[in-house]
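Atom set for the values below is all heavy atoms of this structure, side chains included, hydrogens, waters and symmetry mates excluded. Worth saying up front: this structure is predicted, and the values here are computed from it rather than measured.
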Amino acid sequence: MSGRMVVAGAVTSADGRLLLAQRRYPPEVAGLWELPGGKVEEGEDPAQALRRELREELDVDVEVGTRLERSVELAHDLTLVALWARIVGGEPRAVEHSRLRWVTVDELDEMAASGAIVPADTVWLPELSLRISGG
Ligand code: C5P
């Protein structure tokens with residue numbers, strides 16, 4: 001792991017769905033779907049950063065769980081990690097994204113197969129599928 005960390009939230013619902021958010025920018029990934037999140041700021045740990053980012057981006061309070069196993073070395077010396085999370089306050093709305101969607105494991109698989117998921121986030125597909133299908 002090197003440089004700065006970017007933390008994404010694998011936000012799950014009680015009925016076995018995963019929250020995906022559609023990016024508006026930059027052009028390379030605009031229109032693709034991601035696990036919402038953002039950069040960890042100085043003095044924050046990843047869980048604090050994720051709670052802040054999801055408050056800003058989705059207008060919700062989340063409880064953060066463990067880390068997903070995979071991480072990704074992005075360009076610009078950024079390391080992308082993901083944390084499990086669940087909403088404990090508010091209804092998510094797309095403040096910074098164009099849309100939000102709660103997807104089932106089948107929908108997630110279809111979106112991945114059609115290239116609709118942000119490339120970096122595809123490393124988590126096996127872990128996400130296992131968890132939201134009740135594993
Ligand atoms: O969201 P933001 O632009 O702050 O993300 C910083 C970097 O992390 C960008 O390069 C973005 O594409 C990447 N990212 C990602 N997958 C996510 C969240 C961010 O690849 N789920």
Side-chain angles (χ1 to χ4, degrees):
M1 183 147 333
S2 62
R4 281 184 73 184
M5 203 183 287
V6 179
V7 62
V11 181
T12 55
S13 67
D15 66 347
R17 287 171 187 250
L18 174 75
L19 187 63
L20 292 180
Q22 189 177 34
R23 285 195 72 107
R24 287 185 191 278
Y25 67 93
E28 311 86 78
V29 290
L32 300 184
W33 296 80
E34 69 173 2
L35 302 184
K39 293 194 185 88
V40 178
E41 302 289 351
E42 195 76 43
E44 283 181 330
D45 64 30
Q48 289 170 328
L50 184 61
R51 286 197 297 271
R52 174 183 52 74
E53 288 285 350
L54 297 190
R55 236 178 264 128
E56 293 170 2
E57 295 185 355
L58 309 178
D59 198 21
V60 291
D61 288 317
V62 296
E63 182 177 276
V64 175
T66 56
R67 235 182 88 171
L68 280 72
E69 279 180 32
R70 302 289 305 271
S71 63
V72 185
E73 299 300 325
L74 300 170
H76 312 298
D77 211 24
L78 293 172
T79 300
L80 176 66
V81 302
L83 302 175
W84 296 109
R86 65 184 187 95
I87 294 173
V88 293
E91 279 295 320
R93 59 190 186 91
V95 179
E96 295 177 9
H97 292 86
S98 26
R99 284 186 290 168
L100 303 180
R101 242 188 108 171
W102 288 103
V103 298
T104 62
V105 65
D106 289 344
E107 290 165 343
L108 178 65
D109 286 346
E110 277 169 33
M111 289 169 78
S114 68
I117 307 290
V118 167
D121 293 29
T122 60
V123 298
W124 295 310
L125 287 168
E127 291 171 80
L128 292 169
S129 298
L130 264 180
R131 169 74 71 108
I132 66 179
S133 63

Open item on the list: Tell me whether Arg55 is salt-bridged to Asp61, with the criterion being a basic N under 4.0 Å from an acidic carboxylate O.
Closed with: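 Yes, charged N to carboxylate O under 4.0 Å.
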
Using every non-hydrogen atom in the two residues, find where [X] and [Y] come nearest and quote the distance to one decimal.
X      : Y      : result
Gly9   : Leu50  : N-CD1, 3.5 Å
Ala10  : Leu68  : CB-CD1, 4.0 Å
Val11  : Trp102 : O-CZ3, 3.8 Å
Val62  : Ala85  : CB-CB, 4.2 Å
Leu100 : Arg93  : CD1-C, 3.5 Å
Ala120 : Leu80  : CB-CD2, 3.7 Å

If hydrophobic clusters are built by linking Ile, Leu, Val, Met, Phe, Trp and Tyr wherever their side-chain heavy atoms come under 4.5 Å apart, do [X] and [Y] end up in the same one?
X      : Y      : value
Val6   : Val118 : no
Leu128 : Val72  : yes
Leu125 : Ile132 : yes
Val95  : Leu20  : no
Val123 : Leu74  : yes

Determine whether a donor-acceptor pair (N or O, by modelled atom type, separation under 3.5 Å) exists between the side chain of [X] and the backbone of [Y].
X      : Y      : answer
Gln22  : Gly31  : yes
Glu57  : Leu54  : no
Ser129 : Pro126 : no
Arg24  : Glu96  : yes
Glu127 : Trp124 : no

TODO: Take atom CZ of Arg52 as the centre, draw a 6.0 Å sphere, and report whether it contains more than 12 heavy atoms from other residues, nucleotides or ligands.
DONE: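 It does: Arg52 CZ has more than 12 such atoms within range.
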
Open item on the list: Evaluate Glu44 against Lys39 for side-chain contact (heavy atoms from CB on, under 4.5 Å), listing each step before the verdict.
Closed with: CA-CA 10 Å; Glu44 283 181 330; Lys39 293 194 185 88; over 6 Å; no

Open item on the list: Show, in sequence, the C-alpha distance, side-chain angles and deciding distance for Leu108 and Leu18, and conclude whether the side-chain contact (heavy atoms from CB on, under 4.5 Å) test is met.
Closed with: CA-CA 8 Å; Leu108 178 65; Leu18 174 75; 4.2 Å; yes

Task: Arg23 charged N/C atom sitting above Trp33 aromatic ring, 6.0 Å / 45° - done: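 Not satisfied by the 6.0 Å and 45° rule.
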
- [ ] Before giving the answer on side-chain contact (heavy atoms from CB on, under 4.5 Å), spell out for Arg101 and Met111 the whole-Å C-alpha distance, their side-chain angles and the decisive distance to 0.1 Å.
- [x] CA-CA 12 Å; Arg101 242 188 108 171; Met111 289 169 78; 3.6 Å; yes

TODO: Taking the side chain as every heavy atom from C-beta outward, state whether Pro92 and Leu19 have any atom pair closer than 4.5 Å.
DONE: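 Counting from C-beta outward, Pro92 and Leu19 do come under 4.5 Å.
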
Task: Approximate separation, where rounding is to 0.5 Å, of Arg51 CZ and Leu83 CG - done: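 CG of Leu83 is found 10.0 Å from CZ of Arg51.
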
Task: Between CD on residue Glu53 and CD on residue Gln48, distance to nearest 0.5 Å - done: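 The distance works out to 13.0 Å.
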
Task: side-chain contact (heavy atoms from CB on, under 4.5 Å) between Ile87 and Leu58, worked out - done: CA-CA 10 Å; Ile87 294 173; Leu58 309 178; 5.9 Å; no

Open item on the list: Under the side-chain contact (heavy atoms from CB on, under 4.5 Å) test against Val7, which residue among Val81, Val64, Leu35 passes?
Closed with: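 Of all the options given, the one that passes is Val81.
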
Open item on the list: Side chains of Thr104 and Asp106 only: does a donor on one sit below 3.5 Å from an acceptor on the other?
Closed with: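 Not at all, the side chains of Thr104 and Asp106 share no donor-acceptor pair under 3.5 Å.
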
